[in-house]
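By convention here, the first residue in the shown sequence is residue 1. Model, not experiment: these values are computed from the prediction.
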Amino acid sequence: MPLNIDIMQEFIDNHKSQYIGKYRYHSGYRVEDEVFKNHYYMLDENFRQIDIYVEIHCHQKITYIFSEDLHEQEKIFIVKDALKRIIEKCKHKSTLHYSLYEQYIKNISKEHMFLEPMDYCDILNYMKYHKGINQQTMDEYYQIFIPCLEMLVEKKKYKKFIDSVQYLLDTILYKYEWNGTNLKYLDTEYQYHLYYIREIIRLVYQYLDKFYKNVPDELFQIIEILCKNERFSFAIMTDFGSLVLSHFKVTNSLINALKEKFILTDKDNYNEDANLVFSYIYYIFHNDYSQYYAVIIRMLREVITNMLTFANHDLDLALGNSFVRTEGYQIILDLFHEDYNTFIFTCFPIDSFPKEMRSDIQDELITAIQYFAARMDNDKYRLSSFEQVTNINRLLMDNFKEWYK
């Protein structure tokens with residue numbers, strides 16, 4: 001039964017507000033012709049999750065039932081957000097009836113694998129609602145989704161394949177910050193998808209010429225989404241970069257399609273709006289090592305900032321270590337030479353560097369302490385310089401005691 005979108009839009013229009021709610025979308029699905037269940041959540045200052053469930057009825061008017069009592073502004077914010085998601089979903093074709101989600105998940109077979117791209121997102125949302133957002137849920141989901149994608153490409157249904165992947169990428173939560181007492185927490189649902197997105201990229205790689213020939217615009221839209229989510233894409237760059245840079249004609253067309261949408265980094269002219277993923281691809285393709293290296297430096301700087309800011313920084317540490325493995329420890333020293341930020345060595349301790357680099361590290365620290373000591377005469381920089389001098393002195397004492405003798 002088709003939904004009355006006008007009733008939903010009327011509710012949204014009649015409840016305009018500048019209020020931004022505390023709760024964020026987790027998952028939701030349709031349970032009856034005009035009834036939807038949604039799960040919203042927030043993290044408190046100690047990063048404990050607080051869950052709210054709301055059932056929305058879209059009959060002659062919008063009514064709703066919350067699992068817990070909230071103030072009216074928060075309720076309206078959540079309901080409006082849920083209705084916008086429902087309206088957006090209705091723009092896309094679906095074939096799997098909402099009453100069959102559980103049956104499909106339990107009894108999936110090759111005879112009824114082919115669904116519309118939006119159906120796969122509905123299944124994922126259903127699973128997240130009932131099983132939570134965790135690795136086990138994603139493992140179970142991709143046991144369904146990956147075989148479906150394999151069959152789609154075998155049947156040469158390239159458009160449905162790409163659309164299914166695009167809807168998935170649009171569904172994933174890439175980054176949302178929660179404020180704690182002293183640190184922040186970074187929500188990254190994508191960490192549970194990383195392994196499987198790599199599998200999907202490898203699958204596209206096998207048939208890249210077919211995708212490029214049949215659905216080039218849709219293929220480039222996927223790559224554009226990945227370029228916009230820098231942290232996610234650098235975590236899968238081994239496969240993502242191989243896909244994009246493996247075929248001269250594809251890469252050249254891609255760069256021409258995206259160069260008007262993204263700003264390139266420039267080692268001599270900093271622009272905070274520059275896209276690091278596209279810049280990485282562009283400079284490798286054009287064999288411009290100095291600009292490529294500047295991209296890695298800038299990304300590493302962001303990694304270190306995240307490690308010092310967020311309580312959950314395991315992914316950032318892994319990403320930073322991957323840069324070090326690729327470029328060597330010299331890149332850490334080069335970054336310190338640019339920034340003189342002693343907290344770099346909190347993230348990458350000096351005792352982890354190769355022994356042959358110790359003399360260079362010592363020289364950099366001595367130069368830095370002289371630089372900050374000179375700046376202490378300036379009232380504007382006195383406190384920050386004093387902190388850096390203290391940190392550098394501690395690093396020298398802990399790692400180069402012989403310098404004091």
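- Side-chain contact between I78 and F66 is present, with heavy atoms from C-beta onward closer than 4.5 Å.
- Under a cut-off of 6.0 angstrom, the local environment of OH in Y205 is sparse, with at most 12 non-hydrogen atoms contributed by other residues, nucleotides or ligands.
- The two atoms that bring I105 and M127 nearest to each other are CD1-CG, 3.5 Å, heavy atoms only.
- For the side chain to side chain contact (heavy atoms under 4.5 Å, CB included) with I76, the qualifying choice from Q73, E74, K80 is K80, the only one to do so.
- With Y120 as reference, F145 is the one residue of Y101, Y142, Y141, F145 to meet the ring pair (Phe, Tyr, Trp, His ring centres under 6.0 Å) rule.
- By the 4.5 Å heavy-atom criterion applied to side chains, N399 and F345 are not counted as neighbours.
- Of all heavy-atom pairs spanning A373 and V389, the tightest one is N-CG2, 3.9 Å.
- No close placement of the H26 and Y40 rings is indicated, their centers lying 6.0 Å or farther apart.
- Using a 30° and 60° split on the angle between ring planes, Y19 and F77 fall in the perpendicular class, above 60°.
- L317 places none of its side-chain heavy atoms less than 4.5 Å from the side chain of C347.
- Partner of E88 under the salt bridge (Lys or Arg N to Asp or Glu O under 4.0 Å) criterion, out of R85, K91, K84: K91 alone.
- In terms of modelled atom types and a separation under 3.5 Å, the side chain of Q191 and the main chain of T188 share a donor-acceptor contact.
- Of all heavy-atom pairs between C227 and L258, the closest is SG-CD1, 4.3 Å.
- Shown here is E68, whose CD atom has no more than 12 heavy atoms of other residues, nucleotides or ligands within 6.0 Å.
- In this structure, the ring of F248 has its center less than 6.0 angstrom from the ring center of F285.
- Taking the six-membered ring where the residue is Trp, H247 and Y212 present tilted rings, their angle falling between 30° and 60°.
- Closest approach of T171 and C121 over heavy atoms only: OG1-SG, 3.4 Å.
- Heavy-atom contacts from other residues, nucleotides or ligands closer than 6.0 Å to NE2 of H337 number 12 or fewer.
- Using a 4.0 Å cut-off between charged side-chain N and carboxylate O, R358 and D351 make no salt bridge.
- Shown here is E387, whose CD atom has more than 12 heavy atoms of other residues, nucleotides or ligands within 6.0 Å.
- In this pair, Y289 and Y292 present their aromatic rings tilted. The plane angle is within the 30 to 60° band.
- When every heavy atom of L300 is checked against every heavy atom of G320, the shortest pair comes out as CD1-CA, 4.1 Å.
- Side chain of T137 to backbone of K131: a donor-acceptor contact under 3.5 angstrom is found.
- Put simply, the side chain of Y25 reaches to within 4.5 Å of the side chain of N125, judged on heavy atoms.
- In N287, the CG atom is not crowded: 12 or fewer heavy atoms of neighbouring residues, nucleotides or ligands sit closer than 6.0 Å.
- A salt bridge links K89 with D122: the closest approach of a Lys/Arg side-chain nitrogen to an acidic carboxylate oxygen falls below 4.0 angstrom.
- F310 pairs by the ring pair (Phe, Tyr, Trp, His ring centres under 6.0 Å) definition with nothing, not counting sequence neighbours.
- Side-chain contact between I263 and F278 is absent, with no heavy atoms from C-beta onward closer than 4.5 Å.
- Between R24 and Y41 there is a side-chain heavy-atom pair separated by less than 4.5 Å.
- A search for ring pair (Phe, Tyr, Trp, His ring centres under 6.0 Å) contacts involving H313 returns nothing, not counting sequence neighbours.
- For Y329 and F348, the ring centers sit 6.0 Å or farther from each other.
- With Y174 as the aromatic partner, R231 does not meet the cation-pi criteria of under 6.0 angstrom to the ring centre and within 45 degrees of the ring axis.
- Surrounding NZ of K75 are more than 12 heavy atoms belonging to other residues, nucleotides or ligands, all under 6.0 Å away.
- Among all heavy-atom pairs drawn from I162 and I222, the shortest one is O-CD1, 3.7 Å.
- Salt-bridge check for D379 with R382: passed, with a basic side-chain N closer than 4.0 Å to an acidic carboxylate O.
- The backbone N or O of S384 sits nowhere less than 3.5 Å from a side-chain atom of R375 that would complete a donor-acceptor pair.
- The shortest distance between side-chain heavy atoms of F161 and V204 falls below 4.5 Å.
- Classified by interplanar angle (parallel below 30°, tilted 30° to 60°, perpendicular above 60°), the ring pair Y129/H39 is perpendicular.
- Remark: the backbone N or O of T95 is paired with a side-chain donor or acceptor of D119 at under 3.5 angstrom.
- Between Y126 and H130, the angle of the ring planes lies from 30° to 60°, which puts this pair in the tilted group.
- In this structure the side chain of I392 never reaches within 4.5 angstrom of the side chain of Y340, judged on heavy atoms.
- For the pair R30 and Y98, the NZ or CZ position fails the cation-pi test of under 6.0 Å to the six-membered ring centre and within 45 degrees of the ring normal.
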